[in-house]
Every structure is written in structure tokens, then in C-alpha cells.
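The structure appears right after this line, and notes come after that.
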Amino acid sequence: MDIEFTTEEQAFRDQVRGFIAASLPGDVKAKVEGMLELGRDDYDRWHKILNAKGWVAPHWPVEHGGTGWSPVQRYIFDEECALAGAPRVMPFGVNMVGPVIYTFGTEAQKAHYLPRILSNEDWWCQGYSEPGAGSDLAALRTRARRDGDHYLVSGQKTWTTTAHWANMIFCLVRTDATAKPQEGISFLLIDMASPGVSVRPIITMDGGHEVNDVFLDDVRVPAENLVGEENQGWTYAKFLLSHERSGIADVGRSKKQLERLKRIARAEMKDGRPLIEDARFRAHVAEAEIELLALEATELRALSEERAGHPPGPEANLMKIRGTEIQQRLCELMMEAVGVYAHPYVPEALAEGWNEAPVGPDYAAPLAARFFNWRKASIYGGTNEVQKNIIAKMVLGL
Ligand SMILES: Cc1cc2nc3c(=O)[nH]c(=O)nc-3n(C[C@H](O)[C@H](O)[C@H](O)COP(=O)(O)OP(=O)(O)OC[C@H]3O[C@@H](n4cnc5c(N)ncnc54)[C@H](O)[C@@H]3O)c2cc1C
């Protein structure tokens, strides 16, 4: 196993770092680093900057607009973006539906949708979950009935991230109610402007609006928007989920949060001394850092295996669990570090233009909202309990 970066990889890191330093808009970086809410336009600007450089979809095949980078280069790129305070590239187009379309779509679908994903002309959202179908996704009930050269789609999707910004949604729909649950599902691309589509916000406990209910009421969808074969959607859905989980460990972003935690602990005082010098708190920070370094080593080991030609296995499930546990722990420690200043809970302080005097130090204002919001990390992308089931079955053979 070799987890050292080569000279070429180090040079690549310098190139990426230089590009981001020169191109990332200062106001967007300030929002990411201040943990403020990002608007659609913030994501869109960074997406377009990356696309102009040809770097928005590094993992795509080169003929469709990918970079041809190795897995190690992709890892370096993700880490540098996180450390520099760049926003995420929204995953729904680039990481999810894009790979499904270039792998299973028709030539017409590839020609139409892939360039629009790269340019962000289409903003996608993911219509998988339904009330009663989350972990047990195959229980989904949204129906699609063939009517000539269209499907008529009715049902409800839920937890749909950024549906209020999206103009396209990819949906799992039931096309055969008589087949076994996994066998009667199809994968449809639906224009959000179609009559019968409506979006209702879900306000999460941090006061934010990122998820929604999406109602589909006899929506007419052209049959040409079916991806692959009718009733084979489960195969494409699983393929997509394997892409969803990759990169979910987010080591780079946790490193950035760890830096922030240490900065806060150096500024906060306890018994007349900086909190970072308190033995108990210091031990908690050290534990979190050790967990993070261990996760990074695991990710580098997986990369080393990939470099040697072995495709990733169930490590992705393991890294999802560990990565999100660490993210949540860092949120908790930051809350603990600011003590009483975490209590005045002012979600408005996360919005751009908020100019009231903060109750505590500036860095305290977003921490409670962040803590509540980050409860999501162990739920989305497949809950951590379900990931543990997969590990028990696939790795431990239980
Ligand atoms: C912030 C956020 C954004 C999301 N964005 C999207 C999106 O854009 N598109 C989309 O389609 N979905 C999205 N989801 C939905 C997400 O995929 C589901 O919430 C998730 O799959 C869990 O499903 P559920 O909420 O129905 O919970 P349930 O499946 O009902 O689970 C409830 C609890 O039971 C546990 N549980 C369930 N089954 C088992 C089992 N077999 N063994 C052990 N424990 C079990 C779960 O771990 C969980 O703790 C999002 C969710 C969140 C929180």
C-alpha cells in the first residue's frame, strides 16, 4: 500500500490550489466560511466557473466532458475545494442523474441533457423518497400509467432537496403494480414546469428551507423521458446510489471544521485561560482529530487500492457512517465551545444582509442552527443504521 502523494500529484495540488485562489468569488467564500446560507446564485456562479475550466464533472468520461483525472487527483481536487471554502457542486445533476444518463440513456437523452448539466442550465432534484418509502425505497407508490406516447404520473415525493430551485426532477415511479416491488419500477425525467407538478416547502428544525414535498398530479411526461427500459428502474436507481455515497465522508470539509473548532477554542476563555488549554475539552478535540485522521487514512488506503486497479467496495458505506459521525461531533464541540452563546438561537443571522448586533461573538451565531441542520447527515444518502446493516451482511457475512 502506498498512501504518499507522488511529485506529479503534489504539482497537481498546487495547480488546483492556484486556480481556486484566483477564481473563487470572495463573497461566496466568505459565506461558506461564515456558515451563512448560500443562495441558488452562489452555487450557480461556482458551478459555471468550474465548467468554464472543464472541471465541473471530473469523474465523467472524457468524451462527455470529464477530466480524465485519476481517483487520487479527484480526491486532491475535492480536498482543495473544501479547504479553500468553495461551495459544493450540487450532486443531483453532476453526480447522480448525469452518470445514469451517460450509462443507460438514449443518444438523444445524452445529447440533450449532459451539456445542460455541465452548464447548469438544468437544475436537477432527486425524486426517490416518498412518505412510507425511505429506507425501504422499493415500497414507493408514485404511479406512472402509459397513455399513448406519454406517461401519466401521480403521487408524492418528499425530502426533495432544492426542488424549489430545480427545473428538472428524476423520479422513480411504479409502472407495474403487479410485479415484485423491485421489478415494477421505472426511471423518469420530469420537467418541473409540467402542469400538475407542485412544490411545498418543508422547514427544517434549524429554520432553513432546503427540502420540499413534491406533488405529482396526473403529470403528462413524454415516453421519450424514460431512461433505459420500463420496469428496470431499480437497476439504475442502485447504480445512482453507489455514486451518491462516494465522497460522502467529506474529510476535507471536516478538516476545515476542525480548524474552525480550534480557532473558537483558542478565542473562548474558561477560568481565565483559553478553552483549548482545558484538559477535558482538549481531549475531546484530540479524539475528534484522531478519528478524522483515521478516516483520512482509510480513504487513502481505499484510493491506493483503486490506484492498483481494485474498484471500491463496501468501504463507501463505512466511510459514510464514520464521516457523518465526525461531522456531527465537530458540530457538537463547536456548540459546547461557545457555551451560553449557543443558546440565543437566531436563524435570521445566517441570511445575507442581517445587520443586527450579534448576541455573542460572530462565530457563535450560526452554530446552533448548524448543529440542528447537521442531524440530517446520518439520515440522507441512506441512514447510518441501514449502512450498518449493509456492512453486517456484505462485510461480516452476518
Ligand atoms: C436533509 C435531507 C435531504 C434529503 N434529500 C433527499 C432528496 O433530495 N431526494 C430524496 O429522494 N430523498 C431525500 N432525503 C430522504 C432520505 O433519503 C431518507 O430520509 C432516508 O432514506 C430515510 O428514510 P425515511 O426518512 O423514510 O426514514 P425511515 O426509513 O422511515 O427510517 C426511520 C428510522 O428507522 C431506521 N430504520 C429503517 N429501516 C431500518 C432497518 N432495516 N434496520 C435498522 N434501522 C432501520 C432508520 O435508520 C431511521 O432511523 C433527504 C433526507 C434528508 C434528511
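Given the structure is predicted, the values throughout are model-derived calculations rather than measurements. Remember, it's 1-based here, ligands and their atoms both numbered in the order they're listed.
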Any nitrogen or oxygen of [X], side chain or backbone, less than 3.5 Å from one on ligand 1?
X: Asp136; result: no
X: Thr160; result: no
X: Gln126; result: yes
X: Asn389; result: yes

Does a side-chain N-to-carboxylate-O contact under 4.0 Å join Lys262 and Glu259? no
Students should find that the hydrophobic cluster of Phe215, defined by side-chain heavy atoms under 4.5 Å apart, otherwise consists of none
Donor-acceptor pairs are to be reported for all side-chain atoms of residues 164-175 against protein atoms at under 3.5 Å, with residues two or more places apart or in another chain.
unit_1: His164; atom_1: ND1; unit_2: Asn212; atom_2: ND2; d: 3.1
unit_1: Asn167; atom_1: OD1; unit_2: Trp123; atom_2: N; d: 2.6
unit_1: Asn167; atom_1: ND2; unit_2: Asp122; atom_2: OD1; d: 2.9
unit_1: Arg174; atom_1: NE; unit_2: Leu140; atom_2: O; d: 2.9
unit_1: Arg174; atom_1: NH1; unit_2: Pro181; atom_2: O; d: 3.1
unit_1: Arg174; atom_1: NH2; unit_2: Ala138; atom_2: O; d: 2.7
unit_1: Arg174; atom_1: NH2; unit_2: Leu140; atom_2: O; d: 3.2
unit_1: Arg174; atom_1: NH2; unit_2: Pro181; atom_2: O; d: 3.4
unit_1: Thr175; atom_1: OG1; unit_2: Gly184; atom_2: O; d: 3.4
unit_1: Thr175; atom_1: OG1; unit_2: Ser186; atom_2: OG; d: 2.6
unit_1: Thr175; atom_1: OG1; unit_2: Asn231; atom_2: OD1; d: 2.6

Considering [options] one by one, which has a heavy atom nearer to [atom] than any of the others?
atom: atom 46 (C) of ligand 1; options: Thr383, Val211, Ile202, Ile379; result: Thr383
atom: atom 52 (C) of ligand 1; options: Tyr128, Trp374, Tyr380, Phe92; result: Tyr380
atom: atom 36 (N) of ligand 1; options: Gly381, Ala392, Gly208, Ser135; result: Ser135

Have a look at ligand 1 and work out which part of Thr161, if any, has a heavy atom under 4.0 Å from it: side chain, backbone, both or neither. both
Within the 3.5 Å criterion, strictly below it, is a donor on [X] or [Y] matched to an acceptor on the partner's side chain?
X: Asn384; Y: Thr324; value: yes
X: Glu268; Y: Tyr363; value: yes
X: Trp374; Y: Gln327; value: yes

